[in-house]
Amino acid sequence: MIGGFVHCKEAQIGMLMFQKMVYERGIEPDGLCMVSILKACTHLKDLTMGTSVHGLVIYRGLDCDLFVGNSLIDMYSKCQDADSAFKVFDAMPRRNRVSWNSILTGFVFNERHLDALTLFYSMGKEGIEADEVTLVNVLQTSKHLRMFHCKSVHCVTIRRGYVSNELLLNSLIDTYAKCNDVDLAWKLFNGMKKRDVVSWSTMISGFASCGRPEEAITVFHEMMRLQAQDQKPNEITIINLFEACSASAELKRSKWAHGIAIRTGLSAEVAVGTAIVDMYSKCGAIGESRKAFGQILEKNTVSWSAMIAAYGMNGLGHEALALLAEMKLYGLKPNAVTILSVLSACSHGGLVEEGVSLFNSMAQDHGVEPRLEHYTCVVDMLGRAGKLVMAMEFIKKIPQDLKAAARASNAWGALLSACRSYRNSEVGLEAASHVLELEPGNSAGYLQASSIYAASGLWVDAASMRSLLKERGVRVVAGYSLVHVGHKAYRFVAGDHSPAHDGNIHSMLQLLHACMKAEKRNIVDDLDLID
DNA sequence: TTAGGGTTAG
């Protein structure tokens, strides 16, 4: 009976029945009953109830039951207690493939990707053969770690005869694309006998995230052309299309995509509305963002965060701060990302005092404990304001447990970048040594260090940085700007004088540079007068 | 067990 309720997703009623049965009537639950009630706890994400059921399981001596054990793993995982899930798994006297898959899924769900990978290797050692659930989970882990296990998973897929498993193929396409091999993803996509809406959406997102928006949009057009074959886009497809429009930074295109969302009736979704806010802001159209924000009927924390981030990205720090106060008036609680967006807005808008004060009060006023990202953002803020020594001292104040995270190099990176702007070689070289140690595979550290040496006239050191970069085989990815003229997008890289660009464009750029320099001089003169 | 909305320096 309880099982029936769980199946109907009326887990709450199932739970009440269970409590009545056990505590009022004194009926002893069997293994099957435990499995059902654990499913209810999983569904409701009720860790307290789940833990008490676990106690009952032990009391009734059912902890050796394979099915009960698997359900316990699942319950703990979904309640975000991966450690307890693993303890159950570890203590199981007998395990089947479902047990292994459950703990693997649990690790992936809780973003414990390294643990997931270790577990997958143990599975191989124990002679447990991977099935499609195993493979999809390993792919998720590869995607998050940006590690290229795709090809070996692909081989297993072929070997084990899963080549027409759509779900697994979709996962493979996604992981190939997110690990920067979108061409292989495209090949796989084209070879699929049957493609569903997930395949299409994944392919659009794949091209967009690899910085190839034109191809993403072509895939979308092809999907629309095949609509007759039941290939209707859903809200995720549209959101992925927006991602492509943001990558091309073209307002006209974004408006076109917005129109499609309206015509397909998908624009009423909160997630779609929020993505529209984000898309317009990335095209620099902050007015359109605000309008789209106003049109979201039921705004949630993510929507507010997106609008705050939009203001921040466009240099409107005061507006971002005002929106944080406003969202609280509507009874919405900011989360870690919201606060990070406000801090970033302060950083880009030069509002150092406001930013630091927000950082100091975030735990007390907003109930958000500072994470490494928040610390990094403050370092960036101080660095941009030229307070380099303060920024360095701030890094040293980052709690040790936060510093242990994989992205601890970001704070030094932010400081290094500020030192380069302010030509401070003393602080800069200390920052550089940390960045090179923590992130030896990234070109930015070497280039910035080289630039700092060069600015101090230390040409030999500058050159040695560049040769170290080559020696270690680090790939340099240059940043670029896009300028749209008519229907054509022109891509500009620093120091690029390629003949692909019209000579007129370069002379116009030089003219603009001269104007900006003159303007800067005027501003500096004005400031001097004020002093 | 597959795609998806907000964040961080280059």
Side-chain angles (χ1 to χ4, degrees), chain A residues 101-102 104-105 108-109 130-140 143 165-175 177-178 196-206 208-209 233-243 246 269-279 281 293 296 299-310 312-313 334-345 347-348 371-381 383-384 407 409-421 431 435 439 442-448 451 476-479:
Chain A
N101 279 340
S102 295
L104 180 67
T105 311
V108 173
F109 182 83
D131 67 359
E132 59 259 61
V133 178
T134 322
L135 296 176
V136 166
N137 278 294
V138 173
L139 284 171
Q140 291 281 21
K143 188 169 86 175
N165 184 322
E166 265 171 53
L167 201 146
L168 186 48
L169 284 179
N170 288 342
S171 294
L172 264 168
I173 292 174
D174 187 43
T175 312
K178 298 284 154 67
D196 61 8
V197 64
V198 179
S199 327
W200 287 95
S201 307
T202 306
M203 207 54 244
I204 293 168
S205 155
S209 61
N234 63 14
E235 68 268 27
I236 298 168
T237 324
I238 292 291
I239 288 168
N240 292 344
L241 178 67
F242 293 163
E243 199 189 338
S246 303
E269 282 271 336
V270 205
V272 176
T274 306
I276 294 171
V277 171
D278 177 59
M279 169 175 69
S281 78
F293 178 68
I296 303 174
K299 300 176 188 68
N300 57 22
T301 303
V302 181
S303 324
W304 284 85
S305 305
M307 193 61 232
I308 290 172
M313 236 180 275
N335 62 19
V337 178
T338 321
I339 301 294
L340 190 60
S341 303
V342 183
L343 286 175
S344 162
S347 171
H348 291 269
R371 293 192 205 159
L372 184 63
E373 298 93 305
H374 299 101
Y375 279 93
T376 305
C377 205
V378 174
V379 172
D380 180 48
M381 190 185 311
R384 276 177 199 270
R407 307 187 78 136
S409 63
N410 289 9
W412 288 111
L415 179 59
L416 176 61
S417 144
C419 290
R420 200 195 63 104
S421 307
V435 171
E439 226 181 352
N442 200 332
S443 64
Y446 300 86
L447 296 177
Q448 284 177 334
S451 166
V476 179
V477 186

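Everything numeric in this text was worked out from a predicted model, so none of it was measured. Note on naming: letters A, B, ... go to the chains in the order of the sequence lines (proteins, then strands), and numbering restarts at 1 for each one.
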Are side-chain heavy atoms of A/Ser281 and A/Asp278 found at a separation under 4.5 Å? yes
In whole angstrom, what separates A/Met307's CE from B/dT7's P? 12 Å
Among the nucleotides B/dT8, B/dG6, B/dA9, whichever has the atom closest to the side chain of A/Glu373 is B/dT8
If you check every side-chain atom of A/Asn137, which of B/dA3, B/dG5, B/dT1 has the closest atom? B/dT1
A/Ser344 side chain to A/Leu340 backbone, donor-acceptor under 3.5 Å: no
Check step by step if side chain to side chain donor-acceptor pair (under 3.5 Å) holds for A/Ser347 and A/Asp380. CA-CA 7 Å; A/Ser347 171; A/Asp380 180 48; 3.0 Å; yes
Touch class at under 4.0 angstrom, heavy-atom based, for A/Met381 against every strand present: nothing
Atom CZ of A/Phe293 and atom C1' of B/dG5 are separated, to the nearest Å, by 13 Å
Is there, by distance only and without an angle test, a donor paired with an acceptor across the side chain of A/Asn234 and the base of B/dA3 below 3.5 Å? yes
Within this structure, what is the CZ-to-C1' distance between A/Arg384 and B/dT8, rounded to whole angstrom? 10 Å
Of the nucleotides B/dG5, B/dT1, B/dT2, which one has an atom closest to the side chain of A/Ser171? B/dT2
May I ask you to say what A/Glu269 touches in the nucleic acid, namely base, sugar-phosphate or nothing, with a heavy-atom cut-off under 4.0 Å? nothing
Ignoring backbone atoms, test whether A/Lys178 places a side-chain nitrogen or oxygen under 4.0 Å from the OP1 or OP2 oxygen of B/dG4. yes
Looking at every strand, decide which applies to A/Val277 at a 4.0 Å heavy-atom threshold: base, sugar-phosphate, or nothing. nothing
From CD1 of A/Ile204 over to P of B/dA3, roughly how many Å is that when rounded to an integer? 15 Å
Per atom distances to the A/Asp278 side chain, the nearest of B/dA9, B/dT1, B/dT7 is B/dT7
Heavy atoms under 4.0 Å, any strand shown: does A/Ala309 hit a base, just sugar-phosphate, or nothing? sugar-phosphate
Whole-Å distance separating the CG atom of A/Asp174 from the P atom of B/dT1: 16 Å
Using a 4.0 Å heavy-atom cut-off across all strands, classify A/Thr338 as base, sugar-phosphate, or nothing. base
Indicate, yes or no, whether a donor-acceptor pair under 3.5 Å links the base of B/dA9 to the side chain of A/Asn410. yes
Within the 4.0 Å heavy-atom criterion, would you say A/Ala271 contacts the bases, only the backbone, or no part of the nucleic acid? base
Hey, does A/Asp196 reach any base, or is it just sugar-phosphate, or nothing, if we go heavy atoms under 4.0 Å? nothing
Who pairs with A/Tyr375 by ring pair (Phe, Tyr, Trp, His ring centres under 6.0 Å), at least two apart in sequence or on another chain? A/Phe359, A/Phe394
Quick one: A/Arg420 CZ to B/dG10 P, roughly how many Å, whole number? 8 Å
Out of B/dG5, B/dT1, B/dA3, which nucleotide sits closest to the side chain of A/Ile236? B/dA3
Nearest listed nucleotide, side chain of A/Glu235, among B/dG4, B/dT7, B/dT2: B/dG4
Using a cut-off of less than 4.0 Å, is there contact between a side-chain N or O of A/Ser417 and OP1 or OP2 of B/dG10? yes
Does A/Ser201 reach a base, just sugar-phosphate, or nothing at all? Heavy atoms under 4.0 Å. base
Can you spot which of A/Asp174, A/Leu169, A/Thr175, A/Asn170 makes a side-chain contact (heavy atoms from CB on, under 4.5 Å) with A/Leu172? A/Leu169
Could you give the distance from CD1 (A/Ile276) to OG (A/Ser246), rounded to the nearest 0.5 Å? 11.0 Å
Please report, rounded to the nearest Å, how far the P atom of B/dT7 is from the CG atom of A/Leu372. 18 Å
Counting the atoms with a prime plus P, OP1 and OP2 as sugar-phosphate, which does A/Ser303 contact under 4.0 Å by heavy atoms, base, sugar-phosphate, or nothing? base
May I ask you to evaluate whether A/Lys143 reaches the phosphate of B/dA3, defined as a side-chain N or O under 4.0 Å from OP1 or OP2? yes
Base, sugar-phosphate, or nothing: which does A/Gln448 touch, judged by heavy atoms less than 4.0 Å apart? sugar-phosphate
By side-chain hydrogen bond (donor to acceptor under 3.5 Å, both in side chains), which residues pair with A/Ser201, not counting sequence neighbours? A/Thr237
Just checking A/Thr274: base, sugar-phosphate only, or nothing, at a heavy-atom cut-off of under 4.0 Å? base
Could you tell me the separation between the CG atom of A/Asn101 and the P atom of B/dT1, rounded to a whole number of Å? 10 Å
